[in-house]
Amino acid sequence: MTKDFLAEYDAATDAEKYPLAQQWMKTTPLPFFKQLREKRPVLVTPECTLLALFTDIRDVLQMPKIFTVDLYKPKMGVTATDPGYLMAHDDDALHYREKSLMQGMLNRDDIPRVRKIVEDAAKGILDDASGGIEIVNNYCRMVPAIMVQEYFGLDGIACKKLLKWSFWNQYNTFHNQPFDLNSKEEFNRIVNTHAECSKELTEYITVLMVRKVLAVKIIDRVFGLGRRILNILRAIFKKPPVKFKDDIVKRMLRSAFADQVDFPLTRIGVNAGGLLIGAVETTSQAVAQVIEFFINRPELLARIKAAAARADTAEVDAMVWEALRFVPISPYMFRQAAQDYTIAKGTDRETTIRKGTNVLTLTQSAMFDTYAYDHPDEFKSDRQWYHNFNYGFGSHDCLGKYVGMAMIPEMVRQVMLRTDIRATSPMNYKNGPFPEEYQLAWK
């Protein structure tokens with residue numbers, strides 16, 4: 001018998017209503033969301049408003065001036081004198097400028113290189129594990145940290161530091177909001193730990209910028225002329241050019257920006273830190289949950305293992321993105337209304353969302369809406385990409401999504417290449433928002 005979530009919700013006291021909804025989003029999201037889509041697609045709770053339909057969610061996420069990321073601001077360093085990180089800005093000059101610049105730096109032509117870095121790191125870790133590993137800390141977090149060092153250029157620091165900084169930034173920003181219902185003590189603990197990490201990260205980025213600026217100036221000035229002459233000769237003989245070792249930080253520092261572009265060294269440093277924060281913990285969670293998804297479904301496990309063995313990775317990639325519909329890193333994205341707005345005007349679900357309301361756009365629900373997908377409850381790896389919300393939507397879609405779209409499937413693929421891969425313990429979240437322990441073994 002299908003649980004009647006809404007009957008239980010309606011019978012609850014006001015103080016109990018949102019905690020019930022929160023519990024169902026964590027434990028039984030798909031049946032809860034299905035009932036919302038069918039019976040109450042706009043659920044107004046005492047704490048926040050939940051939107052369950054694809055069209056309403058798409059409407060909200062493409063209006064960043066009305067449904068803002070203001071809740072990010074205190075988490076991402078925005079003050080009266082410091083603009084903080086671009087993600088905390090809604091469709092303004094800084095957001096438009098810096099996201100465009102960083103998208104150019106993260107050249108999509110680099111994706112084969114990124115995938116090779118990930119492949120080599122992943123294979124090396126698994127080979128050294130000799131048939132068994134705690135996958136979350138020793139693989140899911142470690143591989144993206146290696147990529148951050150080698151491709152992004154945040155090097156000269158222990159991986160454990162990078163993992164710590166990414167973890168607490170993600171925790172405070174996305175899992176320490178009013179609707180997360182953390183106790184006052186827990187809220188303060190997370191805020192204070194994040195503040196300590198931000199201080200450490202800022203100090204590291206300052207040293208990194210000085211070191212990389214000196215390296216770039218020495219290389220380009222001392223060896224630049226010789227390299228240009230050598231490459232002219234190589235071009236005459238139709239040989240590929242010689243290139244210096246490149247990473248994203250060096251790429252930013254080698255680029256010349258007019259003063260009017262307003263992208264000084266301080267902003268380069270802020271954006272370098274942003275690359276780390278967005279890359280490690282999100283990737284780790286996605287990879288761990290996808291691996292668990294397939295291991296718990298023997299028929300699909302056989303399919304993805306067969307796909308992993310083929311040279312063409314398209315099928316593996318498609319299966320990973322389909323799995324992430326079922327196990328996304330979050331079932332929603334949150335926004336805050338900057339003005340009154342009436343959602344679904346002219347329909348029977350028409351609802352006015354008041355200024356200051358926190359809104360949870362249930363993006364996992366949107367990915368199971370029949371408006372967007374035929375037979376959404378079925379696992380079908382041939383679905384088109386454009387209705388997938390795993391990398392966000394609109395102006396706030398993920399800056400590094402094309403890096404992630406190579407990294408996450410390749411990490412899953414390397415695990416699936418192991419013979420008789422299996423879990424020897426359940427996934428353990430240790431009462432937190434992220435996977436923390438998952439033991440795997442193979443022959």
Side-chain angles (χ1 to χ4, degrees), residues 12-27 29 43-50 67-85 87-90 136-137 141 161-203 270 273-274 276-278 280-282 284-285 328-338 353-364 392 396 428-437:
T13 66
D14 281 353
E16 296 170 332
K17 287 183 184 298
Y18 177 70
L20 276 176
Q22 184 195 50
Q23 174 191 337
W24 297 328
M25 286 190 287
K26 289 180 177 180
T27 59
L43 181 65
V44 179
T45 81
E47 181 63 48
C48 53
T49 295
L50 280 58
F67 293 96
T68 72
V69 292
D70 282 354
L71 289 169
Y72 292 4
K73 284 180 165 51
K75 312 290 189 174
M76 294 188 175
V78 177
T79 67
T81 57
D82 188 341
Y85 185 48
M87 273 185 65
H89 293 255
D90 284 297
V136 176
N137 293 288
R141 285 173 170 150
K161 284 283 190 180
L162 299 177
L163 303 185
K164 173 186 170 186
W165 296 337
S166 177
F167 178 94
W168 288 105
N169 271 279
Q170 287 289 327
Y171 204 149
N172 191 33
T173 303
F174 299 105
H175 301 281
N176 199 30
Q177 296 290 348
F179 40 81
D180 290 307
L181 303 184
N182 294 327
S183 68
K184 183 178 180 181
E185 292 75 14
E186 179 69 358
F187 177 89
N188 289 333
R189 183 182 75 88
I190 296 168
V191 167
N192 292 336
T193 308
H194 176 210
E196 293 171 8
C197 289
S198 294
K199 182 175 182 292
E200 291 177 7
L201 176 57
T202 300
E203 291 170 352
V270 169
L276 160 69
I277 292 164
V280 177
E281 199 58 43
T282 50
S284 172
Q285 183 174 7
I329 64 172
S330 176
Y332 57 77
M333 287 182 279
F334 56 85
R335 298 290 186 265
Q336 190 173 76
I353 299 173
R354 298 298 180 189
K355 179 180 178 180
T357 300
N358 294 330
V359 179
L360 304 190
T361 62
L362 305 177
T363 46
Q364 186 177 21
H396 281 285
N428 189 345
Y429 288 75
K430 298 186 178 180
N431 298 317
F434 309 117
E436 293 292 349
E437 185 176 347

When you measure from the side chain of Asp90 to the backbone N and O of His396, does any donor-acceptor pair fall under 3.5 Å? no

Flag, side chain of Lys75 to backbone of Asn176, donor-acceptor distance under 3.5 Å: yes

Below 4.5 Å, heavy atoms only, C-beta onward: do Glu281 and Ile329 meet side chain to side chain? no

Could you give the distance from CZ (Arg141) to CZ (Phe434), rounded to the nearest 0.5 Å? 8.0 Å

Test your reading of the model: is there a side-chain donor-acceptor pair from Gln22 to the backbone of Asp180, 3.5 Å cut-off? yes

Output for pair (Tyr18 OH, Leu360 CG), nearest 0.5 Å, gives 5.0 Å

If you measure from CZ on Phe187 to CD on Gln177, what distance do you get to the nearest 0.5 Å? 7.5 Å

Strictly below 4.0 Å, N to O, side chains only: are Glu185 and Arg189 in salt-bridge contact? no

Is there a side-chain contact between Met333 and Thr361 (heavy atoms, below 4.5 Å)? yes

What's the separation between atom NZ in Lys26 and atom OG in Ser330, rounded to the nearest 0.5 Å? 10.5 Å

For the atom pair CG (Leu276) and CG (Leu162), what is the distance rounded to the nearest 0.5 Å? 5.5 Å

Could you label the plane-to-plane angle of the Tyr171 and Trp168 rings as parallel, tilted or perpendicular, counting under 30° as parallel and over 60° as perpendicular? parallel

Do you know which two heavy atoms are closest between Pro331 and Met25, and how far apart they sit? CG-O, 4.2 Å

Atom of Pro433, atom of Gln285 and distance for their closest heavy-atom approach: O-NE2, 3.4 Å

For the residue pair Tyr429 and Glu436, what are the closest heavy atoms and their distance? O-CG, 3.7 Å

Lys17 to Pro46 - nearest heavy-atom pair and separation: CB-CD, 4.0 Å

Roughly how far, to the nearest 0.5 Å, is the CG atom of Leu43 from the OG1 atom of Thr49? 8.0 Å

Could you verify whether a donor N or O on one side chain and an acceptor N or O on the other, from Glu16 and Thr13, lie under 3.5 Å apart? yes

For the side chain of His89 and the backbone of Pro83, is there at least one donor-acceptor N/O pair under 3.5 Å apart? yes

Closer than 3.5 angstrom, by distance alone: can the side chain of Thr282 be matched with the main-chain N or O of Gly278 as a donor-acceptor pair? yes

In terms of ring plane angle, is the pair Phe174 and Tyr72 parallel, tilted or perpendicular, where the classes change at 30° and 60°? perpendicular

Show the nearest heavy-atom pair for residues Asn182 and His175, with the distance to one decimal. ND2-O, 3.0 Å

Are any of the side-chain heavy atoms of Met76 and Thr173 separated by less than 4.5 Å? yes

Does Phe179 reach the side chain of Thr45, with side-chain heavy atoms less than 4.5 Å apart? no

All heavy atoms of Ser198 vs all of Asn169, minimum pair found to be OG-OD1, 4.2 Å

So, Asn137 side chain and Glu437 main chain: donor-acceptor pair closer than 3.5 Å or not? no

Could you tell me whether a side-chain N or O of Gln170 sits under 3.5 Å from a main-chain N or O of Ile277, the two making a donor and an acceptor? yes

Are the side chains of Thr68 and Arg335 in contact, using a 4.5 Å heavy-atom criterion? no

Hey, does Thr363 have a side-chain heavy atom less than 4.5 Å from the side chain of Pro328? no

